[in-house]
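All values derive from a computational prediction rather than experimental measurement. Residue numbers start from 1 in every chain, and the chains themselves are labelled A, B, ... in the order their sequence lines are given, proteins ahead of strands.
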Number of protein chains: 2
Amino acid sequence: MRRDIFQAVADPTRRGIIVLIALQSMTPNAIAEHFDTTRQAVSKHLRILTECDLVKQEQKGREIYYSLEIDKMKEIDVWLEQFRKIWETRFNQLDSLLSTIKKNKK
Amino acid sequence: MRRDIFQAVADPTRRGIIVLIALQSMTPNAIAEHFDTTRQAVSKHLRILTECDLVKQEQKGREIYYSLEIDKMKEIDVWLEQFRKIWETRFNQLDSLLSTIKKNKK
DNA sequence: TATATTTGCAACCGAATAGTTGCACTAAAT
DNA sequence: ATTTAGTGCAACTATTCGGTTGCAAATATA
């Protein structure tokens with residue numbers, strides 16, 4: 001059973017849940033209301049998210065509030081970093097090309 | 001058949017391929033040498049990556065060179081943007097907390 | 001022309017995935 | 001004490017996934 005953050009984020013419902021609980025913690029029932037699926041299915045997604053440390057839970061009586069471990073999302077950001085470097089290089093190349101054109105115009 | 005960039009990036013082999021052809025185009029055979037899998041499996045991955053516009057191909061005789069459509073990767077970056085905003089808020093809050101502590105020390 | 005190389009595609013297979021229903025456990029409300 | 005509400009977990013199902021093998025098409029080489 002592969003369980004990493006990229007696989008966690010691959011499912012659209014899970015991405016929805018992640019965004020939903022990014023700013024405020026919510027119970028499974030409350031979360032399920034936002035999606036066209038059963039409470040149990042959401043519960044399953046929450047378990048997967050928990051398994052890769054993407055969410056934390058806080059028990060309050062019989063309710064459990066789930067919220068996002070937002071720092072974990074940085075792992076994706078770290079991976080993207082290498083492409084960001086390439087984007088910047090491309091941008092600088094474009095930038096110097098534009099200034100060359102500009103200089104030649106004068 | 002769901003086919004979006006998040007699902008494309010979920011598989012570790014595909015992430016490997018993406019990184020591999022980010023800077024230089026390569027043939028399927030050359031790519032397959034870097035992974036512990038058959039050429040056909042790599043070919044399948046390339047098809048999936050093509051289906052979500054992550055790679056482009058250039059035919060040269062009987063060889064086909066694949067390279068990354070690097071701008072497409074920005075779609076992940078765009079989705080991450082919302083979390084980056086939260087990170088920054090948290091950081092600023094921490095920052096102002098630290099200056100408060102510093103001020104109180106004086 | 002005959003052969004070797006590079007590739008894509010289809011068929012098949014085992015495992016994983018996302019979903020459902022049903023049930024048990026616990027906490028709150030009556 | 002009984003009922004209701006909130007939750008997790010197990011069993012089952014249909015579908016998708018990642019991989020393999022085999023084959024056909026096209027290009028290069030002998």
Side-chain angles (χ1 to χ4, degrees), chain A residues 1-21 24-69 72 76 79, chain B residues 1-21 24-69 72 76 79:
Chain A
M1 203 187 330
R2 184 161 38 89
R3 201 111 297 178
D4 61 61
I5 193 171
F6 290 99
Q7 197 252 345
V9 150
D11 183 78
T13 304
R14 278 198 292 271
R15 283 201 300 280
I17 294 176
I18 286 173
V19 171
L20 202 57
I21 63 173
Q24 52 174 346
S25 61
M26 293 177 77
T27 64
N29 263 326
I31 295 169
E33 281 173 16
H34 290 78
F35 301 96
D36 187 25
T37 178
T38 59
R39 193 222 9 118
Q40 283 91 333
V42 169
S43 201
K44 243 181 170 182
H45 284 305
L46 285 171
R47 187 152 61 114
I48 291 170
L49 293 174
T50 303
E51 275 170 20
C52 48
D53 303 316
L54 258 169
V55 303
K56 55 172 176 285
Q57 18 184 314
E58 195 184 348
Q59 186 107 24
K60 276 192 183 173
R62 70 184 164 192
E63 293 180 326
I64 302 176
Y65 285 83
Y66 286 87
S67 61
L68 185 65
E69 282 281 8
K72 187 75 178 179
I76 301 176
W79 187 70
Chain B
M1 202 187 332
R2 184 160 38 89
R3 202 110 296 178
D4 61 62
I5 191 170
F6 291 99
Q7 198 251 344
V9 150
D11 182 78
T13 304
R14 279 199 291 271
R15 283 202 299 281
I17 293 175
I18 286 172
V19 171
L20 202 57
I21 62 174
Q24 53 173 344
S25 61
M26 293 176 77
T27 65
N29 263 326
I31 294 169
E33 282 173 15
H34 288 78
F35 302 95
D36 187 24
T37 179
T38 58
R39 198 233 352 128
Q40 283 92 332
V42 169
S43 203
K44 245 182 167 182
H45 284 306
L46 286 171
R47 187 151 62 113
I48 291 170
L49 293 173
T50 303
E51 275 169 20
C52 47
D53 303 315
L54 259 168
V55 303
K56 55 173 177 283
Q57 19 184 313
E58 197 183 348
Q59 186 107 25
K60 276 191 182 174
R62 70 184 163 190
E63 291 178 329
I64 302 176
Y65 285 84
Y66 286 86
S67 60
L68 185 65
E69 282 281 8
K72 186 75 179 176
I76 301 177
W79 187 70

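- Gln7(A) approaches Ala10(B) most closely through the heavy-atom pair CA-CB, 4.1 Å.
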Reading 5' to 3' through nucleotides 22-30 of chain C, protein heavy-atom contacts under 4.0 Å coded B for base, S for sugar-phosphate only, - for none: B----BB--
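- Not one side-chain nitrogen or oxygen of Arg3(A) sits closer than 4.0 Å to the OP1 or OP2 atom of dA16(C).
- For the OP1/OP2 pair of dG8(C) and a distance below 4.0 Å, the side-chain nitrogens and oxygens of Ser43(B) include at least one atom meeting the criterion.
- Of the possible polar contacts, none joining the Arg39(B) side chain to the Ala32(B) backbone as a donor-acceptor pair under 3.5 Å is found.
- Listed pair Asn29(A) / dT7(D) meets the phosphate criterion, a side-chain N or O lying under 4.0 Å from OP1 or OP2.
- Note: CZ (Phe35(B)) to C1' (dT20(D)) measures 18 Å, nearest angstrom.
- We find the NE2-CD1 distance between His45(A) and Ile31(A) to be 11.0 Å, quoted to the nearest 0.5 Å.
- Phosphate proximity of dT20(D) to Thr37(B): present, with a side-chain N or O under 4.0 Å from OP1 or OP2.
- As a whole-Å value, the separation of Glu63(B) CD from dT27(D) P is 13 Å.
- Between the side chain of Lys44(B) and the base of dG19(D), at least one donor-acceptor pair of N or O atoms lies under 3.5 Å.
- OP1 or OP2 of dG19(D) sits under 4.0 Å from a side-chain N or O of His45(B).
- Rounding to whole angstrom units, CD1 of residue Ile17(B) and P of dG18(D) are separated by 11 Å.
- Look at CG on Asp11(B): it is 18 Å from P on dA15(C), rounded to the nearest Å.
- Two residues, Tyr65(B) and Thr38(A), neighbour DNA chain C, and the one matched to the more 5' nucleotide by heavy-atom proximity is Tyr65(B).
- Taking atom CD1 of Ile64(B) as the reference point, atom P of dA25(D) lies 16 Å away to the nearest angstrom.
- Here Thr27(B) does not reach the OP1 or OP2 of dT6(C): none of its side-chain N or O atoms lies under 4.0 Å away.
- Going from atom OH of Tyr66(B) over to atom CZ of Arg47(B) covers 10.0 Å, rounded to the nearest 0.5 Å.
- Between the CE atom of Met26(A) and the C1' atom of dG6(D) there is a distance of 14 Å, given to the nearest Å.
- Minimum interatomic distance between Lys56(A) and Leu68(A) (heavy atoms only, all atoms of both residues): NZ-O, 3.8 Å.
- Out of dG18(D), dA18(C), dT20(C), the shortest distance to the side chain of Ile48(A) is found at dA18(C).
- With rounding to whole Å, Arg47(B) atom CZ is found 12 Å from dA11(C) atom C1'.
- Atom-to-atom, CD of Gln57(B) to P of dT6(C) comes out at 17 Å; the value is rounded to the nearest Å.
- Here the rule is side-chain contact (heavy atoms from CB on, under 4.5 Å) with Arg14(B), and of Val42(B), Leu49(B), Val19(B) only Leu49(B) fits it.
- The phosphate of dG8(D) has neither OP1 nor OP2 within less than 4.0 Å of any side-chain N or O from Thr50(A).
- With rounding to the nearest 0.5 Å, the separation of OG1 in Thr13(B) from CG in Leu20(B) is 11.5 Å.
- Of all heavy-atom pairs spanning Asp53(A) and Glu69(A), the tightest one is O-CB, 3.5 Å.
- Residue Gln7(B) is in sugar-phosphate contact alone, with no base atom involved, counting any heavy-atom pair closer than 4.0 Å across all strands shown.
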